[in-house]
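Structure, as structure tokens:
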Amino acid sequence: MNTSAGQTYLKTRTSVMARRLIDDATLEAMLQEPLPRLEGEFGLAGISERGLSEAELNRHIERGLIHSLMQELSILLRPLGGTARDILVYWSRKFELLNLKALIRGKLNHLPYDQIRESLHSLPPLISLPHETLLRTENVPELLRQLEQTPYEAIARQARRVYEEKNESFSLDATIDHRYYTGLLRHARRCDAADQAPLLKLIGSLIDRQNLPWLLRYRLNYALSPSETYYLLIPSGRHLHTDLLKQLVNLQEMARILEALPEPLNSRLSGLRQIMEVEQALTDDLNRQARKCLQFSPSAVTRSLAYMMLREMDLRRVFAIIQGRVLALDPQLIRQAADLGREVPGV
């Protein structure tokens, strides 16, 4: 989609869809809204009446979230072609990677076919793995070899090498995530020149949001070596570039790592004591960056990606409310899960 008419159409479409984004006041109102009506609004009608276990409830709610996002993605894809379409499709593959991880965990733990199958999400053919073929594989190496015949080839090849070396799920999960985000960068760099800079800025913020919490957890919680940690990080974030990451992985205290960050991250994060606080602050920054892109970016595909990222954040908060209410949790716990009532400092 390179035509002026196509750009105008997609910008108009994302502006219309942006009205669906949910503010805190609306989320607060959902805490009091009749539960059957709230469930119906988000494609989960009757879920509170099915007597589901907590694990089953989680699966159903996550499926509802993904289904809603895929419906909206299909609207944005209609006018798109070429590299612009490719990057939105690639972004959506993050949801099929949930299925891949479930398949791998099931094989590693020798779970029955039906139990693994029940844990999988049904996704559009555009991004879906050949679930039945993969379910019938005898073990993880065979599963990954089969996966090399799909658009997930690069992820599968790297994951198979890691499995052959380490034969455990943590390294596999980390490798899958690493290859996914590396691929997202690669797709952005293939886009038209007018789209590249705004896309890379937005995706760079997303990668910073992943890299820093990973770095802190790998070094401080899992006690990985600097080289092991660096290998699992994604190059080319917005603020956390390759050379800086090499310096940060050699630091051994959270305070020193945060103090070594460049602005504006240093001002935003210095003094925080918990990794989850860092993660939330970076999520806040990503939210603000995406909203700016949605409103002002000259690139229609960047606006579309920003909308999808914001919509995912919104729906996760909505479903935290629905889940908490179905489980009759304390209202304050629900508010915390939905990230309500927290003071968010400016950039």
Side-chain angles (χ1 to χ4, degrees), residues 21-24 27 65 91 94 97 173-174 176-178 180-185 188 198-222 224 229-230 232-249 251 253-295 297 302 305-317 320 335-347:
L21 296 176
I22 304 168
D23 58 23
D24 281 8
L27 289 168
L65 178 151
W91 174 84
K94 63 187 288 186
L97 293 183
D173 275 7
I176 289 168
D177 290 336
H178 179 277
Y180 167 77
Y181 286 104
T182 302
L184 192 61
L185 277 172
L199 273 173
L200 288 171
K201 188 175 181 180
L202 177 60
I203 293 170
S205 294
L206 174 62
I207 287 174
D208 285 349
R209 159 67 178 73
Q210 299 299 132
N211 264 343
L212 186 55
W214 284 352
L215 186 155
L216 293 170
R217 289 193 176 98
Y218 296 160
R219 288 291 285 131
L220 306 181
N221 292 356
Y222 306 153
L224 299 187
T229 300
Y230 179 76
L232 294 173
L233 300 179
I234 311 152
S236 304
R238 183 179 176 190
H239 299 294
L240 305 181
H241 52 77
T242 299
D243 290 340
L244 178 59
L245 290 173
K246 289 179 180 177
Q247 297 173 31
L248 295 177
V249 297
L251 302 177
E253 298 175 7
M254 181 168 169
R256 292 188 61 199
I257 293 171
L258 298 184
E259 287 169 3
L261 298 174
E263 293 294 347
L265 295 181
N266 181 281
S267 297
R268 289 280 289 115
L269 304 178
S270 183
L272 297 182
R273 299 178 181 275
Q274 303 291 330
I275 296 175
M276 288 188 65
E277 292 177 333
V278 172
E279 199 165 30
Q280 188 58 63
L282 291 170
T283 299
D284 293 338
D285 284 352
L286 177 60
N287 187 300
R288 281 189 288 267
Q289 173 66 21
R291 288 182 184 277
K292 289 177 183 177
C293 289
L294 179 58
Q295 187 171 2
S297 179
T302 302
L305 180 59
Y307 172 77
M308 292 304 302
M309 291 165 63
L310 289 166
R311 188 61 171 162
E312 181 190 3
M313 293 182 210
D314 274 0
L315 290 178
R316 290 195 182 279
R317 298 175 75 191
R335 296 181 83 256
Q336 290 175 5
D339 194 30
L340 281 168
R342 183 174 56 85
E343 186 174 330
V344 180
V347 178

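Keep in mind that the numbers below use all heavy atoms, side chains included, and drop hydrogens, waters and symmetry copies.
Taken to the nearest 0.5 Å, the CE atom of Met313 stands 10.0 Å off from the CG atom of Leu21. To the nearest 0.5 angstrom, Asn211 atom CG is 11.0 Å from Thr229 atom OG1. Taking CG of Leu310 as the reference point, atom CE of Met308 lies at 10.5 Å (rounded to 0.5 Å). Note that the CD1 atom of Ile203 and the OG atom of Ser236 stand 11.5 Å from one another [nearest 0.5 Å]. Note that the CG atom of Leu224 and the CZ atom of Arg219 stand 8.0 Å from one another [nearest 0.5 Å]. Between Ile207 atom CD1 and Leu185 atom CG the span is 3.5 Å, to the nearest 0.5 Å.
With salt bridges taken as basic N to acidic carboxylate O contacts below 4.0 Å, none links Arg268 and Glu263. Salt bridge Arg317/Asp24: present, at least one basic N to carboxylate O contact under 4.0 Å.
Tyr181 places a side-chain heavy atom less than 4.5 Å from the side chain of Leu206. Side-chain contact check for Met309 versus Leu202: some heavy-atom pair is nearer than 4.5 Å. Within the 4.5 Å cutoff, no side-chain heavy atoms of Thr283 are placed close to those of Asp339. Inter-residue side-chain proximity for Trp214 and Ile234 is flagged as met; some heavy-atom pair is nearer than 4.5 Å. Residues Ile22 and Arg311 form a side-chain contact, since some pair of their non-hydrogen atoms from C-beta on lies under 4.5 Å apart. Asp208 has its side chain out of reach of Leu286: every pair of non-hydrogen atoms, C-beta onward, lies at least 4.5 Å apart.
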Subject >> Evaluation steps, side chain to side chain contact (heavy atoms under 4.5 Å, CB included), between Asp177 and Leu232 >> reply: CA-CA 9 Å; Asp177 290 336; Leu232 294 173; over 6 Å; no

**OP:** Would you please test Gln289 and Asp285 for side chain to side chain contact (heavy atoms under 4.5 Å, CB included) and show each step?
**Re:** CA-CA 6 Å; Gln289 173 66 21; Asp285 284 352; over 6 Å; no

**OP:** Starting from the C-alpha separation in whole Å, work towards a yes-or-no answer on side chain to side chain contact (heavy atoms under 4.5 Å, CB included) for Leu215 and Leu240.
**Re:** CA-CA 11 Å; Leu215 186 155; Leu240 305 181; over 6 Å; no

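A donor-acceptor pair is defined here as one N or O able to donate and one able to accept, closer than 3.5 Å; such a pair exists between the side chain of Tyr180 and the backbone of Trp91.
Asp284 and Gln280 are linked by a side-chain donor-acceptor pair at a separation below 3.5 angstrom, with hydrogens and angles left out of the test.
Lys94 NZ: more than 12 foreign heavy atoms inside a 6.0 Å radius. No more than 12 heavy atoms of other residues, nucleotides or ligands shown are found within 6.0 angstrom of CZ on Arg256.
For Ser270 against Leu258, the heavy-atom pair with the smallest separation is CA-CB, 4.5 Å. Among all heavy-atom pairs drawn from Cys293 and Ala306, the shortest one is CB-CB, 3.9 Å. Heavy-atom minimum distance, His239 versus Leu244: O-CD2, 3.8 Å.
For the pairing with Leu212, the side-chain contact (heavy atoms from CB on, under 4.5 Å) check across Leu282, Ile275, Leu233 returns one residue only, Leu282. Checking Gln274, Met254, Glu279 one by one against Leu216, the side-chain contact (heavy atoms from CB on, under 4.5 Å) holds for a single residue, Met254.
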